[in-house]
Amino acid sequence: MRLQNLFFLIFLIILSCNNNRRDSATPADIHADSTAEDLQNIIQEPVLPDTIIDASYTFDEAVEYSEAPEEIISQLELVDVYYISTDGKIHKGQVVTNRQIANDIKEIFSFMLDEGFVVEKAIPIVKYGWNDSLSMADNNSYSFCYRNISYSKHATGMAIDINPRFNPLRWKNIDRPNTPAGAVLDTTVNGTLYPGHIVANEFRRLGFRWGHTFTKYYDDHHFEKR
């Protein structure tokens, strides 16, 4: 069986070279026990030699100290995502999200990458000590952050925030400061969302509700799914 896998691996690598596709795999990624699905995923990753790694957590590291109960942790998945950051280069980040929307998250990041939509960073919020305010202030895009489950879909990983500093929460009828503090909406900046934007439309196509439609405020960085 191992010999068959090895021959299959060689075939896939030759095929990818013939298609002018750059193989991102390293010796640690490929071994004789790799399945066909594993090998295909390795070859399809859009990693280039100059790809910048923003996050490389294991699942256990990414949920450490979250205080979420096991019934929620068991619903989560750690997803690798790729995006063009503010430096104009391709970055690899990670998103901890609910397994129910994991494929949607992969699809939307692939869509944003294809469309040249800027995402500054996507790093599990454990880096910020589970403080979503610090994460938003750093313009970090994230999904899971355990908190009061009665009002936040982030508590179960069923929501994601995209570029919070570019797309601040703005109150509709109350004179309160934007969130994160000091953030100002500027729709000329790549990575900013507004009604009719192709990324906002793609989220809606995938069944997400956009925070721009909330009653009391425009939560333009927020997308959630029931």
Side-chain angles (χ1 to χ4, degrees), residues 37-38 41 45 53-83 91-113 119-169 179-181 193 199-200 202-226:
E37 183 178 359
D38 291 335
N41 288 337
E45 287 185 349
I53 308 301
D54 289 341
S56 58
Y57 291 94
T58 65
F59 178 81
D60 288 342
E61 291 170 342
V63 299
E64 191 173 19
Y65 307 124
S66 71
E67 299 184 357
E70 179 58 32
E71 64 185 45
I72 289 180
I73 296 296
S74 65
Q75 300 175 35
L76 304 177
E77 182 174 331
L78 180 64
V79 175
D80 290 340
V81 293
Y82 302 86
Y83 44 89
H91 289 231
K92 177 182 177 181
Q94 295 176 305
V95 176
V96 179
T97 193
N98 195 290
R99 192 172 295 110
Q100 294 184 53
I101 64 170
N103 286 336
D104 292 332
I105 297 302
K106 295 175 186 177
E107 184 172 343
I108 197 67
F109 269 88
S110 178
F111 179 84
M112 293 189 293
L113 180 62
V119 176
E120 183 161 355
K121 57 178 67 74
I123 303 173
I125 205 168
V126 65
K127 176 184 177 180
Y128 302 90
W130 298 101
N131 188 318
D132 64 316
S133 295
L134 293 178
S135 176
M136 288 194 296
D138 198 34
N139 208 29
N140 181 49
S141 299
Y142 73 96
S143 175
F144 170 70
C145 182
Y146 188 67
R147 59 187 76 159
N148 190 327
I149 196 171
S150 67
Y151 74 86
S152 176
K153 292 193 176 297
H154 285 286
T156 55
M158 290 297 289
I160 186 168
D161 288 355
I162 302 293
N163 293 334
R165 194 158 195 87
F166 289 168
N167 303 287
L169 181 152
T179 303
L193 299 163
V199 171
E202 183 67 8
F203 266 109
R204 292 179 63 186
R205 186 188 72 80
L206 292 171
F208 286 81
R209 182 188 181 192
W210 185 21
H212 186 85
T213 65
F214 290 171
T215 303
K216 296 181 178 180
Y217 41 72
Y218 301 109
D219 198 356
D220 286 351
H221 54 258
H222 180 91
F223 297 87
E224 64 180 43
K225 202 166 190 179
R226 298 187 184 282

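Residues: numbered from 1 along the sequence shown.
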**Atom pair CD1/CD of Ile73 and Glu67 - distance to nearest 0.5 Å** = 11.0 Å
**Message:** For Asn167 versus Ile162, what's the shortest heavy-atom pair and its separation?
**Reply:** ND2-O, 3.3 Å
**Asked** Sequence neighbours excluded, which residues qualify as side chain to side chain contact (heavy atoms under 4.5 Å, CB included) partners of Ser135?
**Response** Ile125, Tyr128, Asn140, Tyr142
**Message:** If the condition is side-chain hydrogen bond (donor to acceptor under 3.5 Å, both in side chains), which residues does Gln75 pass it with, not counting sequence neighbours?
**Reply:** Asn98
**Item:** Set of side-chain hydrogen bond (donor to acceptor under 3.5 Å, both in side chains) partners for Ser141, sequence neighbours left out
**Value:** none
**Asked** Counting only N and O atoms by type, is there a donor-acceptor contact under 3.5 Å from the side chain of Ser74 to the main-chain atoms of Glu70?
**Response** yes
**Those residues that, when tested against Val126, pass side chain to side chain contact (heavy atoms under 4.5 Å, CB included) (two or more places apart)** = Tyr57, Pro124, Trp130
**Item:** salt bridge (Lys or Arg N to Asp or Glu O under 4.0 Å) partners for Asp132, two or more places apart
**Value:** Arg147
**Message:** Any heavy-atom pair between the side chains of Tyr146 and Val63 that's under 4.5 Å?
**Reply:** no
**Request:** Quick one: list whatever passes side chain to side chain contact (heavy atoms under 4.5 Å, CB included) with Glu71, sequence neighbours left out.
**Result:** Pro69
**Prompt:** Does a side-chain heavy-atom distance below 4.5 Å link Phe109 with Ile160?
**Reply:** yes
**Fill in**
On a heavy-atom basis, the closest approach of Val95 and Ala122 is CG2-CB, 4.2 Å
**Asked** Taking only residues two or more places apart in sequence, or in another chain, which ones meet Asp60 in a side chain to side chain contact (heavy atoms under 4.5 Å, CB included)?
**Response** Thr58
**Request:** Could you tell me which residues satisfy side-chain hydrogen bond (donor to acceptor under 3.5 Å, both in side chains) with Asp54, sequence neighbours excluded, listed by chain and number?
**Result:** Tyr83, His91
**Prompt:** Between Thr97 (side chain) and Ala102 (backbone), is there a donor-acceptor pair under 3.5 Å?
**Reply:** no
**Prompt:** Which pairs pass side chain to side chain donor-acceptor pair (under 3.5 Å) with one or both residues in residues 214-225, sequence neighbours excluded?
**Reply:** Asp104-Lys225, His154-His222, Asp161-His222, Arg170-Asp220, His212-Asp220, Asp219-His221, His222-Glu224
**Smallest separation among heavy atoms of Thr156 and Phe144, with atom names** = C-CD1, 4.3 Å
**Asked** Taking only residues two or more places apart in sequence, or in another chain, which ones meet Lys153 in a salt bridge (Lys or Arg N to Asp or Glu O under 4.0 Å)?
**Response** none
**Item:** Which residues share a ring pair (Phe, Tyr, Trp, His ring centres under 6.0 Å) with Phe208, sequence neighbours left out
**Value:** Phe203
**Rounded distance [0.5 Å steps], OG1 in Thr213 versus CZ in Arg204** = 8.0 Å
**Complete:** Ile101 and Gly157 have their tightest heavy-atom pair at CD1-O, 3.3 Å
**Message:** Using 0.5 Å steps for rounding, measure from the CD atom of Glu120 to the CG atom of Asp138.
**Reply:** 6.5 Å
**Item:** Nearest-0.5 Å distance that lies between atom OH in Tyr82 and atom CG in Leu113
**Value:** 10.5 Å
**Asked** Nearest 0.5 Å, what's the CG-CE distance between Asn139 and Met136?
**Response** 11.0 Å
**Request:** Can you sort out the partners of Glu107 under side-chain hydrogen bond (donor to acceptor under 3.5 Å, both in side chains), two or more places apart, ordered by chain and number?
**Result:** Arg205
